[in-house]
Amino acid sequence: NIIIIRINKDIVSIKKVFIYIMYDNIVLYLTFLLIVILIIIFCCNKVESYQNTNKYKIIIAGCARDAAKYLPKVFKVIDNICKLCKDYYIIIYENDSKDDTLSVLNKYKNKYKNFHIITEKGIHDKYPQRTHRIAHGRNKILDFIDDNKLYEHYDYYLCMDMDNVNVNFKTKGLKKLLESNLDWDVASANNHRKKYYDYWALRTDKYNKNCHLPNEICTKDQANLHYFFNNSHNKRPIPYNRQPLKVLSAFGGLGIYKIDMIKGCRYNGYSEQHNRWNTNEDCEHVQFHECIRNKNKGDKQYIIPYMSD
């Protein structure tokens, strides 16, 4: 009898231990399940919050010729720009490429909901001077925007080079600009290599000339920012933390425009004076930006130091 009693007590003890273990496991399981549910709810809220910030409607445009090797990296940048957008429209102009630029563009076309390619042959022969040719391509893009009344549906026109200039461009600077309180009409990138490089497109109140004319700064000297701005940084890059720099024209590989600013304006790479290469060329952006100032009162044009790579 004593043995039976002891066995029964042992059985009862084992049952209690088993119940305690099962209870602990259930508590752990429910706790884990609750944590997973909370994480899912938190992530969904974060995604919804992120999506709610995608309020920008941007036309993304560029000219590409013999740029096949750069396009994969450039389209990674375009992907990131599209992630900022509620709606977007990509328009690429291509002409006379000797590499696989057109076929690569056609592959990317299937990835995006709004993607249009304008392609032409014989443009190099028709416009042998480079800036005349690029102006023609950019104007073809503007004609497409006009013909399809895209002005009515989009808020910004973003023009970007499709080559190595933009392979490392960071869209966080673009996002910061769009969320800022800066009153701007045109904003251009600060191409942050070893130094600012796009002097041909750059014009300011201090220096408003074609720098590649004979005896001008791009001809007789390596151009420096001190020609264009007071208290400049010479050959050094423009620091990210510097305030936006007011200009008459600038590009730096990428520019974004409030859509009303570009209405009725066109690019023109023609110069009445011959430059140091003995061609009648000027940077095509200069007259475009001049039209924006004069026709559309868009005089708030800036280089944005933090909009860079």
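Computed from heavy atoms alone, side chains included, the values below leave out hydrogens, waters and symmetry copies. By convention here, the first residue in the shown sequence is residue 1.
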Novice: Looking at E272, Q129, H274, Q273, which hits side chain to side chain donor-acceptor pair (under 3.5 Å) with N280?
Specialist: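 Output: one option passes, namely Q129.
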
Novice: Quick one: SG on C218 to NE2 on H212, what's the gap to the nearest 0.5 Å?
Specialist: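 One gets 4.0 Å once the value is rounded to the nearest 0.5 Å.
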
Novice: Can any side-chain N or O of K126 pair as donor or acceptor with the backbone N or O of H124 at less than 3.5 Å?
Specialist: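 No, K126 side chain to H124 backbone: no donor-acceptor pair under 3.5 Å.
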
Novice: Parallel, tilted or perpendicular: which one describes the rings of Y199 and F228, with boundaries at 30° and 60°?
Specialist: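 Rings of Y199 and F228: parallel, as their planes differ by under 30°.
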
Novice: Could you go through Y88 and K113, starting from their C-alpha distance and side-chain angles, then the distance that decides it, and tell me whether this counts as side chain to side chain contact (heavy atoms under 4.5 Å, CB included)?
Specialist: CA-CA 9 Å; Y88 63 84; K113 61 177 182 178; 3.6 Å; yes

Novice: Can you check whether N296 reaches C265 side chain to side chain, under 4.5 Å on heavy atoms?
Specialist: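 Touching, per the 4.5 Å side-chain cut-off.
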
Novice: Side-chain contact test, heavy atoms from C-beta onward, threshold under 4.5 Å: evaluate it for L158 versus I81 and give yes or no.
Specialist: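 Heavy-atom side-chain distance check passes, below 4.5 Å.
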
Novice: Out of curiosity, C63 SG to I92 CD1, how far, rounded to the nearest 0.5 Å?
Specialist: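 So the gap between those two atoms works out to 8.5 Å.
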
Novice: Any idea which heavy atoms bring D198 and G253 closest together, and the distance?
Specialist: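 Heavy atoms of D198 and G253 come nearest at OD2-N, 4.0 Å.
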
Novice: Going hydrophobic residue to hydrophobic residue with side-chain gaps under 4.5 angstrom, can you get from I141 over to L105?
Specialist: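 I141 and L105: separate clusters.
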
Novice: Is K176 close enough and on-axis enough to Y306, meaning under 6.0 Å and within 45°, for cation-pi?
Specialist: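 Satisfied, under 6.0 Å and within 45°.
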
Novice: For the NZ atom of K175 and the OG atom of S180, what is their distance to the nearest 0.5 Å?
Specialist: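 Here the interatomic distance stands at 11.5 Å.
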
Novice: Keeping the roles fixed (side chain from S308, backbone from N190), state whether a donor-acceptor pair exists under 3.5 Å.
Specialist: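 Yes, the answer is positive, given that a donor and an acceptor are paired below the 3.5 Å cut-off.
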
Novice: Check whether any side-chain heavy atom of R130 sits under 4.5 Å from a side-chain heavy atom of T279, and report yes or no.
Specialist: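 No. Closest side-chain heavy atoms not under 4.5 Å.
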
Novice: I need the K76 NZ to L71 CG distance, nearest 0.5 Å.
Specialist: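 One gets 13.0 Å once the value is rounded to the nearest 0.5 Å.
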
Novice: May I ask you to decide if the ring planes of Y89 and Y154 are parallel, tilted or perpendicular, using 30° and 60° as cut-offs?
Specialist: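 Rings of Y89 and Y154: perpendicular, over 60°.
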
Novice: Please lay out, stage by stage, how Y302 and D185 fare under the test side chain to side chain donor-acceptor pair (under 3.5 Å).
Specialist: CA-CA 8 Å; Y302 297 94; D185 299 314; over 6 Å; no

Novice: C82: which residues meet the disulfide bond (SG atoms under 2.5 Å apart) condition with it, sequence neighbours left out?
Specialist: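 Partners of C82 by the disulfide bond (SG atoms under 2.5 Å apart) criterion come out as none, since no residue qualifies.
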
Novice: Any side-chain heavy-atom pair from Y151 and D260 closer than 4.5 angstrom?
Specialist: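 Result no, sub-4.5 Å side-chain heavy-atom pair not found.
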
Novice: So, does D99 use its side chain to make a donor-acceptor pair with the main chain of A68 at under 3.5 Å?
Specialist: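 Side chain of D99 to backbone of A68, a donor-acceptor pair under 3.5 Å: yes, one is there.
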
Novice: Evaluate whether atom NZ of K297 has more than 12 neighbouring non-hydrogen atoms of other residues, nucleotides or ligands under 6.0 angstrom away.
Specialist: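 It does not: K297 NZ has 12 such atoms or fewer within range.
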
Novice: Determine, stepwise, if the pair Y207 / E216 fulfils side chain to side chain donor-acceptor pair (under 3.5 Å).
Specialist: CA-CA 11 Å; Y207 188 92; E216 288 299 334; 2.6 Å; yes

Novice: Would you check, one step at a time, whether the test side chain to side chain contact (heavy atoms under 4.5 Å, CB included) holds for I303 with L202?
Specialist: CA-CA 9 Å; I303 295 173; L202 182 57; 3.9 Å; yes

Novice: Between the side chain of N275 and the main-chain N/O of L213, is any donor-acceptor distance below 3.5 Å?
Specialist: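 No, the answer is negative, given that no donor and acceptor are paired below the 3.5 Å cut-off.
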
Novice: Please check this pair: side chain of T101 against backbone of A67, looking for a donor-acceptor N/O pair closer than 3.5 Å.
Specialist: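 Such a contact is found between T101 side chain and A67 backbone.
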
Novice: Does F169 offer a backbone N or O that forms a donor-acceptor pair with the side chain of D309 under 3.5 Å?
Specialist: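 Looks like no, no N/O pair under 3.5 Å.
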
Novice: Please report the C-alpha distance between K206 and N230 in whole Å, then the side-chain angles of each, then the deciding distance to 0.1 Å, and finally whether the side chain to side chain donor-acceptor pair (under 3.5 Å) criterion is met.
Specialist: CA-CA 8 Å; K206 185 177 179 181; N230 296 321; 3.3 Å; yes

Novice: Grab the two heavy atoms, one from Q301 and one from L248, that are nearest each other, plus how far apart they are.
Specialist: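 For Q301 and L248, the tightest heavy-atom pair comes out as OE1-O, 3.2 Å.
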
Novice: Does the distance from a Lys or Arg side-chain N to an Asp or Glu carboxylate O, for K111 and D79, drop under 4.0 Å?
Specialist: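 Salt bridge between K111 and D79, a charged N being under 4.0 Å from a carboxylate O: yes.
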
Novice: For N139 and A135, indicate whether the former's side chain and the latter's backbone hold a donor-acceptor pair under 3.5 Å.
Specialist: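 Flag set: sc N139 to bb A135 pair under 3.5 Å.
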
Novice: Is any side-chain heavy atom of F229 closer than 4.5 Å to one of T204?
Specialist: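 Yes. Closest side-chain heavy atoms under 4.5 Å.
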
Novice: CG of N110: more than 12 outside heavy atoms within 6.0 angstrom?
Specialist: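 Atom CG in N110 is crowded, with more than 12 foreign heavy atoms closer than 6.0 Å.
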
Novice: Any idea how Y157 and F288 line up, ring-wise: parallel (<30°), tilted (30 to 60°), or perpendicular (>60°)?
Specialist: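 It falls in the perpendicular class, over 60°.
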
Novice: So, do Y257 and H289 have ring centers that fall under 6.0 Å from each other?
Specialist: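 Between Y257 and H289, the centre distance is under 6.0 Å.
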
Novice: Decide if atom NZ of K258 counts as having more than 12 heavy atoms of other residues, nucleotides or ligands within a radius under 6.0 Å.
Specialist: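 Above 12, so yes.
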
Novice: Please determine whether a side-chain nitrogen of the Lys or Arg among R203 and D282 lies less than 4.0 Å from a carboxylate oxygen of the Asp or Glu.
Specialist: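 So R203 pairs with D282 through a salt bridge.
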
Novice: Would you call D87 and K55 a salt bridge, using N to O less than 4.0 angstrom?
Specialist: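 Not counted as a salt bridge, because no side-chain N and carboxylate O are separated by less than 4.0 Å.
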
Novice: Heavy atoms, side chains only, cut-off 4.5 Å: are L182 and I304 in contact?
Specialist: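 They are in side-chain contact.
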
Novice: Can you tell me if R276 uses its side chain to pair, donor with acceptor, with the backbone of C211 under 3.5 Å?
Specialist: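 Side chain of R276 to backbone of C211: no pair is present.
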
Novice: Thinking salt bridges, do R266 and D143 make one under a 4.0 Å N-O criterion?
Specialist: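 Yes, R266 and D143 are salt-bridged.
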
Novice: Side-chain contact test, heavy atoms from C-beta onward, threshold under 4.5 Å: evaluate it for W184 versus I256 and give yes or no.
Specialist: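 In short, these two side chains touch, coming nearer than 4.5 Å.
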
Novice: With clusters defined by side-chain heavy atoms of hydrophobic residues (ILVMFWY) lying less than 4.5 Å apart, directly or transitively, does L84 cluster with Y112?
Specialist: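 In one cluster with Y112: L84, yes.
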
Novice: Looking at M307 and A187, what are the two nearest heavy atoms and their distance?
Specialist: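 Closest approach of M307 to A187: CE-O, 3.7 Å.
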
Novice: Are any side-chain N or O atoms of N210 and backbone N or O atoms of E281, one a donor and one an acceptor, separated by less than 3.5 Å?
Specialist: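 Yes: the side chain of N210 pairs with the backbone of E281.
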
Novice: Drop me the distance from K246's NZ to D299's CG, to the nearest 0.5 angstrom.
Specialist: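 Those atoms lie 5.0 Å apart.
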
Novice: Where the side chain of D163 meets the backbone of Y70, is there a donor-acceptor pair that is under 3.5 Å apart?
Specialist: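 No, D163 side chain to Y70 backbone: no donor-acceptor pair under 3.5 Å.
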
Novice: Looking only at heavy atoms, which two atoms of G264 and C291 are closest? And how far apart?
Specialist: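 Minimum heavy-atom separation between G264 and C291: O-SG, 4.1 Å.
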
Novice: Applying salt bridge (charged side-chain N to carboxylate O under 4.0 Å, His left out), can you list everything that pairs with E120, at least two apart in sequence or on another chain?
Specialist: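 Result, salt bridge (charged side-chain N to carboxylate O under 4.0 Å, His left out) vs E120: K140.
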
Novice: What verdict does the side chain to side chain contact (heavy atoms under 4.5 Å, CB included) test give for Y56 and D155, after you've listed the backbone C-alpha separation in whole Å, the side-chain angles of each residue and the deciding distance to 0.1 Å?
Specialist: CA-CA 7 Å; Y56 308 110; D155 302 318; over 6 Å; no

Novice: Rounded at 0.5 Å granularity, tell me how far CG in N95 sits from CG in D66.
Specialist: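 It comes to 9.0 Å.
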
Novice: Dump the intermediate steps for side chain to side chain contact (heavy atoms under 4.5 Å, CB included) on Y93 and H136, then the final yes or no.
Specialist: CA-CA 10 Å; Y93 175 86; H136 168 81; 3.4 Å; yes

Novice: Is there a chain of hydrophobic side chains (I, L, V, M, F, W, Y, each step under 4.5 Å between heavy atoms) that links Y196 to V186?
Specialist: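 No, it is not one cluster - the side chains of Y196 and V186 are not joined through contacts under 4.5 Å.
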
Novice: Here's one to test your reading of the geometry: is the NZ or CZ of R138 within 45 degrees of the ring axis of F251 and under 6.0 Å from its centre?
Specialist: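 Pair R138/F251 counts as cation-pi.
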
Novice: Testing the basics here: between C159 and Y267, what is the closest heavy-atom pair and its distance to 0.1 Å?
Specialist: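 Looks like SG-OH, 3.9 Å.
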
Novice: Is there side-chain contact between I117 and L102, with at least one heavy-atom pair below 4.5 Å?
Specialist: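 Heavy-atom side-chain distance check passes, below 4.5 Å.
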
Novice: Under a single-linkage definition using a 4.5 Å side-chain heavy-atom cutoff for Ile, Leu, Val, Met, Phe, Trp and Tyr, are F115 and I91 assigned to the same hydrophobic cluster?
Specialist: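 No, separate clusters.
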
Novice: Any chain of hydrophobic side-chain contacts (each under 4.5 Å) joining L177 to I259?
Specialist: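 Different clusters: L177 never reaches I259 through Ile, Leu, Val, Met, Phe, Trp or Tyr contacts under 4.5 Å.
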
